[in-house]
Amino acid sequence: MIPYFDTYGAEGKTLFVKKGFFDKADGKYYYDSVGQKFDFTDGTKGYFPVGINFDEQDLLDRGVAIEYLDTSSVKIADGVTVYGSFDKDPSFQLAPNMLEKGEDGTYEVDDFDEEVAVAVETSKGLVILSGCSHSGILNIVNTIQERSGEKVYAVIGGFHLLDADEATIQETIDRFKELGVQQIGLSHCTGPKATAMFQEQMPEQTFLNTTGSVYTVE
């Protein structure tokens, strides 16, 4: 994120984050008991830092405006709302290996209270843009749909189904079918198993979403 602002400048740009976003940002870890090679691991077992490498002051020094979300949602433009504080089904825990490291050196499962997602209103329904969905993609989608009362047309982002079992992935697909989601853009942390299942069961709706992709929905 810092290189982005260094390259393009901060004039007219506002970063919306959940209140408390920076409090534990440098204490985020991923635990891999097997030793898999991801973009944030080197293929060995153990704990890997996955937090951000900048803080609030780094942004302020560059002139970035920061707005903190301290409610369940905030409208940031006509038809664009940032949501947070998602309702979490305890049975839908997708990120047991995503941890927070305390000051005493112990690790606890991250509650991801700082996670947010964006919903854009279109004539076809809501387009939901998620990050890595560590709170659970179904928790995010269900919360936004229930709070807004709107039809969900598209969900685009990382679904963090990388470590999910087949039953959890199937539950996600079944719910997307139930909601009638027409466009499903899968990003990195969705994982190969979930991606294959989405492509097999919802081939007309599913596509791979990559950095730099541009989509137009009226």
Side-chain angles (χ1 to χ4, degrees), residues 1-4 17-18 20-55 58 84 86-117 128-143 155-176 184-201 206-213:
M1 182 173 290
I2 292 300
Y4 170 85
V17 295
K18 185 78 181 295
F21 174 81
F22 291 104
D23 292 349
K24 298 181 179 179
D26 60 350
K28 306 288 187 177
Y29 283 79
Y30 175 83
Y31 178 67
D32 182 16
S33 60
V34 178
Q36 305 175 80
K37 180 67 177 72
F38 298 133
D39 56 356
F40 52 85
T41 70
D42 61 9
T44 60
K45 301 177 182 179
Y47 295 89
F48 296 86
V50 292
I52 57 177
N53 61 355
F54 61 92
D55 59 23
D58 290 327
F86 302 109
D87 300 327
K88 297 175 184 176
D89 182 343
S91 67
F92 201 73
Q93 169 58 268
L94 292 184
N97 292 340
M98 303 298 292
L99 310 169
E100 281 187 340
K101 185 177 183 179
E103 294 182 358
D104 60 356
T106 60
Y107 295 89
E108 294 184 357
V109 176
D110 197 338
D111 62 9
F112 295 104
D113 183 60
E114 73 279 6
E115 185 159 25
V116 298
I128 296 176
L129 307 174
S130 74
C132 286
S133 305
H134 292 152
S135 295
I137 187 59
L138 282 192
N139 291 330
I140 292 171
V141 171
N142 287 339
T143 297
V155 184
I156 301 173
F159 291 1
H160 201 82
L161 294 166
L162 188 65
D163 297 321
D165 57 29
E166 191 168 313
T168 300
I169 298 171
Q170 189 62 55
E171 180 183 356
T172 306
I173 295 173
D174 291 344
R175 178 57 174 159
F176 276 43
I184 304 168
L186 305 178
S187 297
H188 65 294
C189 64
T190 302
K193 181 192 297 183
T195 297
M197 290 176 65
F198 266 101
Q199 290 175 322
E200 179 181 352
Q201 298 184 41
T206 300
F207 62 93
L208 300 182
N209 180 57
T210 59
T211 301
S213 299

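Note: hydrogens, waters and symmetry copies are ignored here, and every other heavy atom, side chains too, is used. For clarity, every value in this text was computed on a predicted model and none was experimentally measured.
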Exercise. Quick one: do Ile52 and Phe21 satisfy side chain to side chain contact (heavy atoms under 4.5 Å, CB included)? Show the steps, please.
Key: CA-CA 10 Å; Ile52 57 177; Phe21 174 81; 3.7 Å; yes
Exercise. Check the pair Thr195, Leu208 against side chain to side chain contact (heavy atoms under 4.5 Å, CB included), reporting the backbone distance first and the verdict last.
Key: CA-CA 8 Å; Thr195 297; Leu208 300 182; 3.7 Å; yes
Practice problem: Dump the intermediate steps for side chain to side chain contact (heavy atoms under 4.5 Å, CB included) on Leu99 and Val109, then the final yes or no. | Solution: CA-CA 4 Å; Leu99 310 169; Val109 176; 4.1 Å; yes
Practice problem: Decide yes or no on side chain to side chain contact (heavy atoms under 4.5 Å, CB included) for Phe207 and Ile156, but give the supporting numbers first. | Solution: CA-CA 9 Å; Phe207 62 93; Ile156 301 173; 4.2 Å; yes
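Between the side chain of Ser133 and the backbone N or O of Gly158 there is at least one donor-acceptor pair closer than 3.5 Å. Without hydrogens or angle criteria, Asn209 side chain to Ser187 main chain gives no donor-acceptor distance under 3.5 Å.
Taking 4.5 Å as the limit, every side-chain heavy atom of Asp89 sits out of range of all side-chain heavy atoms of Leu138. Put simply, the side chain of Phe176 does not reach to within 4.5 Å of the side chain of Thr206, judged on heavy atoms. Between Arg175 and Val141, the closest side-chain pair of non-hydrogen atoms is not below 4.5 Å. Glu115 is not listed as a side-chain neighbour of Ser130, based on a closest heavy-atom distance of 4.5 Å or more.
Atom NZ of Lys18 is surrounded by more than 12 heavy atoms from other residues, nucleotides or ligands within 6.0 Å.
Taking the six-membered ring where the residue is Trp, Phe159 and Phe198 present perpendicular rings, their angle passing 60° and hence far from 30°. In this structure, Phe112 and His134 have tilted ring planes: the angle between them lies in the 30° to 60° band.
For the atom pair Ile137 CD1 and Phe86 CZ, the distance stands at 8.5 Å (nearest 0.5 Å). Here OG1 of Thr172 is found 5.0 Å from CG of Leu161. Values are rounded to the nearest 0.5 Å. Note that SG of Cys132 is 3.5 Å distant from NE2 of His188, once rounded to the nearest 0.5 Å. Considering OG1 of Thr190 and CE of Met197, their distance stands at 13.0 Å, rounded to 0.5 Å. To the nearest 0.5 Å, the span separating CG on Leu129 from CD1 on Ile140 amounts to 11.5 Å. Separating the OG1 atom in Thr106 from the CD atom in Glu100 is a distance of 10.5 Å, to the nearest 0.5 Å.
The shortest heavy-atom contact between Pro192 and Leu162 is CD-CD1, 4.0 Å. The two residues Phe48 and Thr44 have their closest heavy-atom pair at CZ-O, 3.2 Å.
Salt-bridge annotation for Lys28 and Glu114: present, with a side-chain N of the basic residue lying under 4.0 Å from a carboxylate O of the acidic one.
Between Tyr31 and Tyr107, the ring centre distance reaches or exceeds 6.0 Å.
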